[in-house]
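Take a look at the structure below.
Computed from heavy atoms alone, side chains included, the values below leave out hydrogens, waters and symmetry copies. Chain identifiers are assigned alphabetically (A, B, ...) following the order of the sequence lines, protein sequences preceding nucleic acid strands; residue numbering begins at 1 within each chain.
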Number of protein chains: 2
Amino acid sequence: MHPVQEDRALSTSGINNPSGESVERLRAYLQDGAVRGRTTDDVTGAMREAILDGVLSPSTWLRESELATAFKVSRTPIREALKRLADEGLVVKTAHHGAMVAALSLEDVLALYVIREDLEGLAARLAAVRCPEGLVEELDEINAAMREAAEREAVSELSKLNLTWHRALRTGAANPYLERFLNQVEHAVRRLPATTLVHPGRPEEVLAEHEAVARAVKERNGEAAEQEARAHMRRAREIRLAVLLGS
Amino acid sequence: MHPVQEDRALSTSGINNPSGESVERLRAYLQDGAVRGRTTDDVTGAMREAILDGVLSPSTWLRESELATAFKVSRTPIREALKRLADEGLVVKTAHHGAMVAALSLEDVLALYVIREDLEGLAARLAAVRCPEGLVEELDEINAAMREAAEREAVSELSKLNLTWHRALRTGAANPYLERFLNQVEHAVRRLPATTLVHPGRPEEVLAEHEAVARAVKERNGEAAEQEARAHMRRAREIRLAVLLGS
DNA sequence: CCCGAATCGATTGCATGCAATGTGAATGCG
DNA sequence: CGCATTCACATTGCATGCAATCGATTCGGG
């Protein structure tokens, strides 16, 4: 059910990675001031972000006691967090060996972009039909910020803004299930080694494609918005495969 | 993020339902022979099924200690199970009051069927394109069993077979993400009060619509399969609304 | 030298206990 | 009689301890 542990894992990390190293990097994520009643949630969030940002790479074992020490909490919230992350498909729990960040196979990536094209298309269509107050302005603002970041070649910021743009779009669709699913899709995409925005010329393309979607939304043309969004995702998939396979 | 607690809840149960009653009914779900190492999973599964089958209805408080007693385990696995179910959107946890089965609002149902149409359509298309060995036969078999059940007016069995049919279709699509999402959709749909199959004439319609999808899959006509599946879902939505509002 | 089996160690899984916090009710005051 | 305030209880949240299980290693036999 979960996309895991395939033959051809696209992991960036080496093999036989002793967990201490990754967990060490994890400490940088820790925010003090732990508030009672939100320990587990905080831990879950921190670990999720750590995985998504690649701080914890696949083929490193995550042992409860180690994480507990790093987070300065007991094993209980760690244990719950790992279970939740396992449900999300981000980690794989192996009995008596600990949890491991799940690797994505090439097949998983392909499957991911298939459904992503569908869902992003649906989100664009719904957003266009509803066209809630201020959505177009928000999209344009984010895109403008992206343009500025692209000129400065601030890839990390560009990537974050890109996520923001897509989040805004799906929030505009106002469908809780769609939002949830696209959120899970985002998590899966973020686990891929690098961003596609490093590809030469890709940032400009993205800007243009985003504009095309925003324009369709503004005109409340659901069909056009869906088509533009789908095209955007198909192109993203192409670049992704080029980045993954070409490197 | 989760679909919860709207004004117009479609709950079937009354108000101010003391939890004891529901938890009492839950005991019937208990299988003895608890195996170590799977306690939490068993509990989670049992509670999920209990909620989906309506054994635990909304507006009943689920208190950890009570459930722990009912399941004859400690509060720890109960606690974890509730957290996981909360992540799935099946229960809502209110601080210091316990968890409660989440109610579905009318808006949620509409949103659900919007995305369901999309995803089932995609599943049908992918299944048609791949058309894995034996899929068509499996679909036809299930549909035949459904026909037989419909003639006997075995609604419960019919409903179960219907789920099986859709599961087979999405498994045939061979996309782990799609399968996961449709699984979540199924869970949401199953939480709705009654099945749409009680609607007069609906079973026969469903059979015909399933056949249309299966035919398109057999002909490996992805486009047709998607359209038929989408039409099936649009019709299902209509009936659902009629059942919900008409009653 | 290779293979099988048994033991040891490491790790997770669950039960229990304690602390913190919000709710509800009862009481006193205006 | 209504309202604010306070106190106590019920409930969840996390820490810790113990037991079970599985993998790895080592030892003995062929």
Practice prompt. Please check the phosphate of C:dG13 (OP1 and OP2 only) for any side-chain N or O of A:K93 closer than 4.0 Å.
Written response: yes

Fill in: A:T76 side-chain N/O to D:dC14 phosphate OP1/OP2 under 4.0 Å
no

Discussion item. Would you say B:R75 places a side-chain N or O within less than 4.0 Å of OP1 or OP2 belonging to C:dC14?
Written reply: no

Using the 3.5 Å cut-off, write out each protein N or O paired with an N or O of nucleotides 7-11 of chain C and the distance between them.
unit_1 : atom_1 : unit_2 : atom_2 : d
C:dT11 : OP1    : A:R63  : NH1    : 2.9

Practice prompt. Could you tell me whether the side chain of A:R191 and the main chain of A:A102 form a donor-acceptor pair under 3.5 Å?
Written response: yes

Worksheet, complete the sentence: When rounded to whole Å, the CD1 to P distance for the pair B:I78 and D:dT12 reads 11 Å

Worksheet item: Where does the angle between the aromatic ring planes of B:F181 and A:F181 fall among parallel (under 30°), tilted (30 to 60°) and perpendicular (over 60°)?
Response: parallel

Worksheet item: Hey, is the main chain of B:V155 close enough, under 3.5 Å, to the side chain of B:S159 for a donor-acceptor pair?
Response: no

Practice prompt. For B:S74 and for A:A99, locate the closest nucleotide of DNA chain C by heavy-atom distance; then report the residue assigned to the nucleotide nearer the 5' terminus.
Written response: A:A99

Item to complete: Starting from P on D:dA10, measure out to CG on B:L67 and report it in whole angstrom.
Response: 18 Å

Worksheet item: Between B:W61 (CH2) and D:dA10 (C1'), how many Å, whole number?
Response: 13 Å

Worksheet item: So, for B:A81 and B:V43, which heavy atoms are closest and what is the spacing to 0.1 Å?
Response: CB-CG1, 3.9 Å

Worksheet entry | Under the salt bridge (Lys or Arg N to Asp or Glu O under 4.0 Å) test, residues paired with A:R167 that sit two or more places apart | A:E186

Discussion item. If I take atom NZ in residue A:K72 and atom P in nucleotide D:dC14, what distance separates them, rounded to the nearest angstrom?
Written reply: 18 Å

Discussion item. List the residues meeting salt bridge (Lys or Arg N to Asp or Glu O under 4.0 Å) with B:R48, not counting sequence neighbours, and say none if there are none.
Written reply: B:E88

Discussion item. Between A:R79 and C:dT12, is there a contact of a side-chain N or O with OP1 or OP2 at under 4.0 Å?
Written reply: no

